[in-house]
Amino acid sequence: MRKPLVAGNWKMNGTRETVSALLDGLQTGLSGEKELGNKVDIAVFPPAIFAQQVADALTSTAVSWGLQNICTEEKGAFTGETSVVMAQEFSCTMVLAGHSERRSLYGETDADVAAKVDRAGQAGLIPVLCVGESLEEREANQTMEVVSRQVKAVLEQASPASLEKLVIAYEPVWAIGTGLTATPEQAQEVHASIRELLAKHDADMAARTRILYGGSVKGSNAAEIFAGPDVDGGLVGGASLNVQDFLSICRAAD
Ligand code: PEP
């Protein structure tokens, strides 16, 4: 039985003040709903610079946190990068790898993403591998070709140990930040195909790996999307910046 996970990707948003308000809201909201944290894993991915603030506020709560990206190198002359060890200094337990914005805006390749998954997983962090097709690729019926290529790169390149805790987020690029969402049927179809692909590699891994849906998830559409048997929760961008929306998405995963 896979425990659902709802994770909020704050992207490059927030100030000390707004982050503080968001964290206060999460603490207060969850203190009245202790059961929710037992039934659903909840996580947030703040900008790295807020990691200490997040750690200070969330340490005694059911919410985990992680970084939106990490470097595959251990340390040294890599200006602007954050290492896994640094992430762990701030009690991060997760890291996103290959978010579509990293792939499209910063040129991350499948090989780069696989290296990040490997680095994070080897260090004991939970890698959240993001995959998904563009609108042109969906319209050209290439969805599974693209998603399979992205997943296979990781299965082939990352060490088995790094995949123990792997989470996959299926995020159709055309649905990220656009207000468009995959239908529950479209999401379930891709999730089931990803699980089949994992099963060809390792049946146990296929059974245990949580596959999240991401792409304009809101309180109003989360329940129907999460109802798919292969949908194990969500990766949430915009709506995770609003405490009430985010908590209602968490509730929908229960
Ligand atoms: C995301 O950035 O991972 C995402 C799913 O964003 P949004 O929910 O805003 O579409």
Side-chain angles (χ1 to χ4, degrees), residues 4-14 18-19 22 26 40-48 50 54 63-70 92 94-108 112-113 116-117 120 126-135 137-138 143 146-147 150-151 154 166-184 186-188 190-191 194 210-226 228 230-253:
L5 166 65
V6 175
N9 173 14
W10 294 356
K11 310 199 188 194
M12 196 175 72
N13 290 298
T18 62
V19 166
L22 193 47
L26 281 175
V40 178
D41 282 339
I42 303 172
V44 293
F45 292 93
F50 295 124
V54 169
V63 184
S64 311
W65 57 95
L67 297 188
Q68 298 168 14
N69 180 38
I70 46 120
C92 292
M94 301 186 160
V95 70
L96 297 182
H99 188 281
S100 75
E101 287 149 20
R102 301 288 324 163
R103 292 179 190 261
S104 66
L105 302 175
Y106 300 98
E108 287 187 8
D112 295 331
V113 174
K116 288 177 188 222
V117 167
I126 298 173
V128 181
L129 165 67
C130 305
V131 297
E133 82 288 1
S134 67
L135 186 57
E137 289 162 342
R138 174 159 282 267
T143 298
V146 172
V147 170
Q150 293 171 329
V151 173
V154 170
L166 181 73
V167 171
I168 296 177
Y170 167 56
E171 300 204 295
V173 179
W174 48 271
I176 297 182
T178 58
L180 299 174
T181 45
T183 63
Q186 285 172 325
Q188 168 55 27
V190 178
H191 283 227
I194 294 174
R210 291 180 288 187
I211 306 177
L212 314 183
Y213 169 80
S216 300
V217 175
K218 303 184 270 284
S220 54
N221 61 21
E224 55 175 11
I225 296 172
F226 296 168
D230 290 293
V231 182
D232 305 309
L235 181 57
V236 185
S240 70
L241 297 170
N242 178 299
V243 174
Q244 292 320 322
D245 274 358
F246 186 60
L247 289 178
S248 67
I249 295 167
C250 295
R251 278 182 219 111

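Atoms within a ligand are numbered from 1 in the order they appear, just like the ligands themselves. Values in this document were obtained by computation on a predicted structure and should not be read as measured data.
One option in Glu101, Lys11, Gln68 has a heavy atom closer to atom 2 (O) of ligand 1 than any other, and that option is Lys11.
Contact between Ala253 and Val6 at its shortest, heavy atoms only, is CB-CG2, 3.6 Å. Counting all heavy atoms, side chain and backbone alike, Tyr213 lies closest to Ala182 at OH-N, 3.0 Å.
Ser134 pairs by the side-chain contact (heavy atoms from CB on, under 4.5 Å) definition with Glu136, Glu137, not counting sequence neighbours.
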For Leu96 and Leu235: C-alpha separation, side-chain torsions, deciding distance, then whether side-chain contact (heavy atoms from CB on, under 4.5 Å) applies. CA-CA 10 Å; Leu96 297 182; Leu235 181 57; 4.1 Å; yes

Apply side-chain contact (heavy atoms from CB on, under 4.5 Å) to the pair Glu133 and Trp174, showing each step before the final yes or no. CA-CA 8 Å; Glu133 82 288 1; Trp174 48 271; 2.9 Å; yes

With side-chain contact (heavy atoms from CB on, under 4.5 Å) as the criterion, how do Met12 and Gln68 come out once you've worked through the C-alpha distance, each side chain's angles and the decisive distance to 0.1 Å? CA-CA 9 Å; Met12 196 175 72; Gln68 298 168 14; 5.7 Å; no

If you apply the rule side-chain contact (heavy atoms from CB on, under 4.5 Å), what do you find for Leu5 with Met94, and how did you get there? CA-CA 12 Å; Leu5 166 65; Met94 301 186 160; 4.0 Å; yes

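Checking only distances, Ile176 never comes within under 3.5 Å of ligand 1, N or O to N or O. Ligand 1 has an N or O atom lying under 3.5 Å from an N or O atom of Gly237, backbone or side chain.
Short contacts between ligand 1 and Leu235, defined as distances under 4.0 Å to a heavy atom of the residue, involve ligand atoms 3 (O), 5 (C). Listed by number with element, the atoms of ligand 1 under 4.0 Å from a non-hydrogen atom of Ser216 are 7 (P), 8 (O), 10 (O). Every atom of ligand 1 with a heavy atom of Gly215 under 4.0 Å away is listed here by number and element: 5 (C), 10 (O).
Under a 4.0 angstrom heavy-atom cut-off, Gly177 registers as being in contact with ligand 1.
Of all the heavy atoms of Ala175, the ones lying under 4.0 Å from any atom of ligand 1 belong exclusively to the backbone. Contact annotation for Asn9 and ligand 1: only side-chain heavy atoms (C-beta onward) come within less than 4.0 Å of the ligand.
For atom 5 (C) of ligand 1, the closest non-hydrogen atom on the protein side is Glu171 OE2, 3.0 Å. Summary of contacts: the protein heavy atom closest to atom 1 (C) of ligand 1 is His99 NE2, 3.2 Å. Taking atom 9 (O) of ligand 1 as the reference point, the nearest protein heavy-atom neighbour is Gly238 N, 2.8 Å.
Taking a cutoff of 4.0 Å between a charged side-chain nitrogen and a carboxylate oxygen, Arg210 and Asp41 qualify as a salt bridge.
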